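One structure below.
Values in this document were obtained by computation on a predicted structure and should not be read as measured data. Only heavy atoms go into these numbers, but all of them, side chains included; no hydrogens, no water, no symmetry mates. Note on naming: letters A, B, ... go to the chains in the order of the sequence lines (proteins, then strands), and numbering restarts at 1 for each one.
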Amino acid sequence: MRIGPRPESPYNAQFHVQRSHTTGNKPMYKTHTCGELRLSHCDQTAMLAGWVNVRRDHGGLIFLDLRDRFGITQVVVDADKYPDAHAIASQARSEFVLKVAGTVRERPEGSANPTFATGEVELAAREVAILNHSETPPFYISDEADETDEALRLQYRYLDLRRPRMLRNLRLRHAIISDIRAYLAERDFIEVETPHLLKSTPEGARDFVVPSRLQQGSFYALPQSPQQLKQLLMVAGLDRYFQIARCFRDEDLRADRQPEFTQLDLEMSFVEPEDIRSLMEPLLIQLAQDHQSCRIQETPFPVLTYRECMDRFGTDRPDLRFGVELFDATRILQESGFKVFSGAVARGGVVKGVVHPGGAGLSRREMDRLTELARQGGARGLAWLGLEHDVADASDIGDGTFRSPIARHLDPRELAGLVAAAGARAGDMILLVADAESVVAASLHLLRSDIGRTAGLIDPDLFAFCWVTDFPLLEMDAEAGRWMAVHHPFTSARDQDWDRLEDDPGSVLAKAYDVVLNGWEIGGGSIRIHDQARQQQLFRALGLPDAEVQQEFGHLLKAFRYGAPPHGGIAMGLDRIVALWAGATNIRDVIAFPKTATGSDLLFDCPAPIDSEQLLELGIDVTV
RNA sequence: GGAGGCGUGGUGUAGCGGUUAGCAUAUCGGCCUGUCAAGCCGAAGGUCGCGGGUUCAAAUCCCGUCGUCUCCGCCA
């Protein structure tokens, strides 16, 4: 098949109507877009086509706000001058598709509408044609429909996407992707597509599988990411690869997780972590500057180690827009007579806390809510001390110093040490959790995030990026009873850590890095293992039997025998990036056709059963 | 797998044991020539998600279930 030049359409224009104008390739239905007419067009004849956004019928005079992707233009239809046009316009209703021809004119003195770019002019209609009728839409085609039940919006997604906010999000997504492509192309990256029908891999997320008709009983798996493919492309000598890649993971969903999502996936040869960071950081800065009004808190992006993140924030994706850092009270309370604390320490746990600035006066009800939050993190409870007066040392402590159910269990020396460690002042609320380190971290992270939101500590116009490095390579999986890769099993250990892999696997750190923005992990990557022997060493550390390794990863190990270059890369969560840039609280709002939390598409009504013939052909027997 | 929130005319909501199920908006009809979510007058529109239970009486209380949202587990 011959591939011809792509026809230019005004709809390809990124933002501006100007381009549509200069293509000289107007559709037959219109001479201008609905966002195009200005005073300079006055007295010209124009033809517009679009949807009725609003109709205002004054009897002898009808105003129609005609909307298309590019804007809204007011059409006026006068019964005296053009009775035929008026008769048709009076039948028009919301979301009817119209074609209107007439004369562009300045609006009468005092009736311009600065809300619209076209607000100084109107189209005086001579001819109106109804191109299509519309049923009354189930919700307003307006940004106010954000209040509408999201399920209804998803069911009528094609109407939802007519709303300015959703349209803006789709445009933003397109603009970001375009800029990414241009940025990487300038730097010698090659975009390569990789297969969606591939092989299931153990480790990692659950796979979506696709049955094979030609080989009944066998299945493809949709890739969780193009990880192995991009490594093979490095072996192939591509040197620099990227892809706007669709990834599939059959795991439970969240506001920031969809079963299929989009990554900017890239890989480079002959690099160390610093190379990847210095490639991505200017890109993120450029995207922020070009498509966001937010101020970037700090450049170069701060680099924190995983350990530091966990100690200071209880999470490896800290929101750096505000303080409220964790403090450690383990040593102060380890010998306390209050067993909640000393007992936890005796069991190998820690006592840590955060300060809620100005939170001393929080209601009992509010404290119950925070306690519940701590429980969500796994804690058994939450200890709290509202500080009524400043405390310099133990002698300052009296009956009215604390508002707290637990202060009476602690002696003045412990209390003074606690206040000092917390850095708390009069009016603050100290929150404490005592448990295993991971539980304390999880609970305090939830509390800190909540405090940041509810206490108004977050500047919404701030972008706080950071890199997180030095992740552990492995973690012990209690259920499986073996070590698992924290990132993925192709991640390289730091050079100096390899010889501890057998004896002390938990201490080995990885050449892995994440990019975090405002508490969202927006990307992560690593330097990979490019040596066959090292890769096998790691598979052994993971306790994977050789036979299984050969079956699952033999292709990769074999490729490594043919001169694999040192390489590494990163995957950026494109949906999350666009969501953060768009100010959206979930990624569904930046995906044209997303799925619900139960993985349903409400527009297509799927997943759905398939008929028995299809099953037979695939050799599948459904038992549920 | 677990926890919690929500579900009332098309939409957004009020009502939380006895109401004629209220309000706003949309819709339909009438009037209306400078509006811009036009205005005024009028009308129609409800299996209170579904099933069961408690009660003389359930939108309201209880149990189950479905849908949806958020979080925990999970997401190499």
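Not a single donor-acceptor contact under 3.5 angstrom links the side-chain atoms of A/D252 to the base of B/C75. Judged by distance alone, with hydrogens and angles left aside, A/R257 brings a side-chain donor or acceptor within reach of the base of B/C74, the pair sitting under 3.5 Å. No hydrogens or angles were tested; on distance alone, a donor-acceptor pair under 3.5 Å links the side chain of A/E122 to the base of B/G34. Residue side chain A/R206 does not reach the base of B/G1 through any donor-acceptor N/O pair under 3.5 Å, judged by distance alone. A donor-acceptor contact under 3.5 Å is not formed by the side chain of A/R249 with the base of B/C75. You won't find any donor-acceptor pair under 3.5 Å spanning the side chain of A/R56 and the base of B/C32, going by distance alone.
In this entry the distance linking CG of A/D78 with C1' of B/G34 reads 11 Å, nearest Å. Here B/G39 presents its C1' atom at 14 Å from CG of A/L61, a figure rounded to the nearest Å. Rounded to an integer number of Å, the gap from A/D450 CG to B/C72 P is 13 Å. In this structure, A/E372 atom CD and B/G5 atom C1' are separated by 13 Å, rounded to whole Å. In this structure, A/R107 places its CZ atom 12 Å from P of B/A38, rounding to the nearest Å. Here B/A37 presents its P atom at 17 Å from CZ of A/R163, a figure rounded to the nearest Å. Distance CG (A/L159) to C1' (B/U11): 13 Å, rounded to an integer number of Å. The distance from atom CD of A/E144 to atom C1' of B/C36 is 14 Å, rounded to the nearest whole Å.
At a threshold of 4.0 angstrom between heavy atoms, the contacts of A/E147 are confined to the sugar-phosphate backbone, with no base atom among them. As judged by a 4.0 angstrom heavy-atom cut-off over every strand, A/P138 is placed among residues touching the sugar-phosphate backbone only. The residue A/I62 sits apart from the nucleic acid: no heavy atom pair falls under 4.0 Å. Using a 4.0 Å heavy-atom criterion, one finds that A/R105 contacts the bases of the nucleic acid, with or without backbone contacts as well. At a threshold of 4.0 angstrom between heavy atoms, the contacts of A/T491 with the nucleic acid are absent. Looking at heavy-atom distances under 4.0 Å, A/L154 makes no contact with the nucleic acid at all.
Outside the 6.0 Å centre-distance limit, the rings of A/F471 and A/Y513 are not counted as a close aromatic pair. If you look at A/H196 and A/F248, their ring centroids are closer than 6.0 Å.
The cationic group of A/R162 does not satisfy the cation-pi geometry with A/Y156, failing either the under 6.0 Å distance to the six-membered ring centre or the 45° limit from the ring axis.
Nucleotides B/G46 and B/G10 are separated by 7 Å at their P atoms, to the nearest Å. Taking the C1' atom of each, B/C61 and B/U54 are spaced 8 Å apart, rounded to whole Å. Comparing the same atom, P, in B/U60 and in B/A21 gives a spacing of 15 Å after rounding to whole Å. Taking the P atom of each, B/G67 and B/G22 are spaced 32 Å apart, rounded to whole Å. The same atom, C1', is picked in B/A14 and in B/U8; the two are 10 Å apart, to the nearest Å. Between B/A43 and B/U47, the two C1' atoms lie 23 Å apart (nearest whole Å).
Pair check for B/C56 finds B/G18; Watson-Crick or G-U wobble, both atom distances under 3.5 Å. The pairing partner recorded for B/G42 is B/C28, the criterion being a Watson-Crick or G-U wobble arrangement whose two distances lie under 3.5 angstrom. B/A37: no Watson-Crick or G-U partner with both key distances under 3.5 Å is found in any strand. Base pairing annotation: B/C23 forms a Watson-Crick or G-U wobble pair with B/G12, both donor-acceptor distances under 3.5 Å. With a 3.5 Å ceiling on both atom-pair distances, the Watson-Crick or G-U wobble partner of B/G7 is B/C66.
Within the 4.0 Å cut-off from OP1 or OP2 of B/U11, not a single side-chain nitrogen or oxygen of A/R153 is found. For A/T136 and B/A26, the shortest distance from a side-chain N or O to OP1 or OP2 is not below 4.0 Å.
A donor-acceptor pair is defined here as one N or O able to donate and one able to accept, closer than 3.5 Å; such a pair exists between the side chain of A/E36 and the backbone of A/T33.
In this structure, the aromatic ring of A/H58 is positioned over the six-membered ring of the base of B/A38, centres within 5.5 Å and planes within 30°. Judged by centroid separation below 5.5 Å and plane tilt below 30°, A/F139 does not stack onto the base of B/U11.
Of the candidate nucleotides B/U68, B/C69, B/C71, B/C69 has the atom lying nearest to any side-chain atom of A/R588. Which of B/U68, B/G34, B/G29 sits closest to the side chain of A/R93 comes down to B/G29. Of the candidates B/C74, B/C69, B/G34, B/C74 carries the atom nearest the A/R254 side chain, counting heavy atoms from C-beta on. When distances are taken from the side chain of A/T596 to each of B/A37, B/C71, B/C69, the shortest belongs to B/C69. Counting only heavy atoms from C-beta on, A/L446 has its side chain closest to B/C72 among B/U27, B/U11, B/C72.
Ion pairing of A/R494 with A/D497 is present here, as a side-chain N (NZ or NE/NH1/NH2) and a carboxylate O approach within less than 4.0 Å. A/R163 and A/E147 are not joined by a salt bridge, as no carboxylate oxygen comes within less than 4.0 angstrom of a charged side-chain nitrogen. Salt-bridge formation is not detected for the pair A/E120/A/R105: no Lys NZ or Arg NE/NH1/NH2 atom is positioned less than 4.0 Å from an Asp or Glu carboxylate oxygen.
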Item to check | Worked verdict on A/F560 versus A/H530 for ring-ring contact (aromatic ring centres under 6.0 Å, His included) | outcome: CA-CA 6 Å; A/F560 285 173; A/H530 63 278; 7.8 Å; no

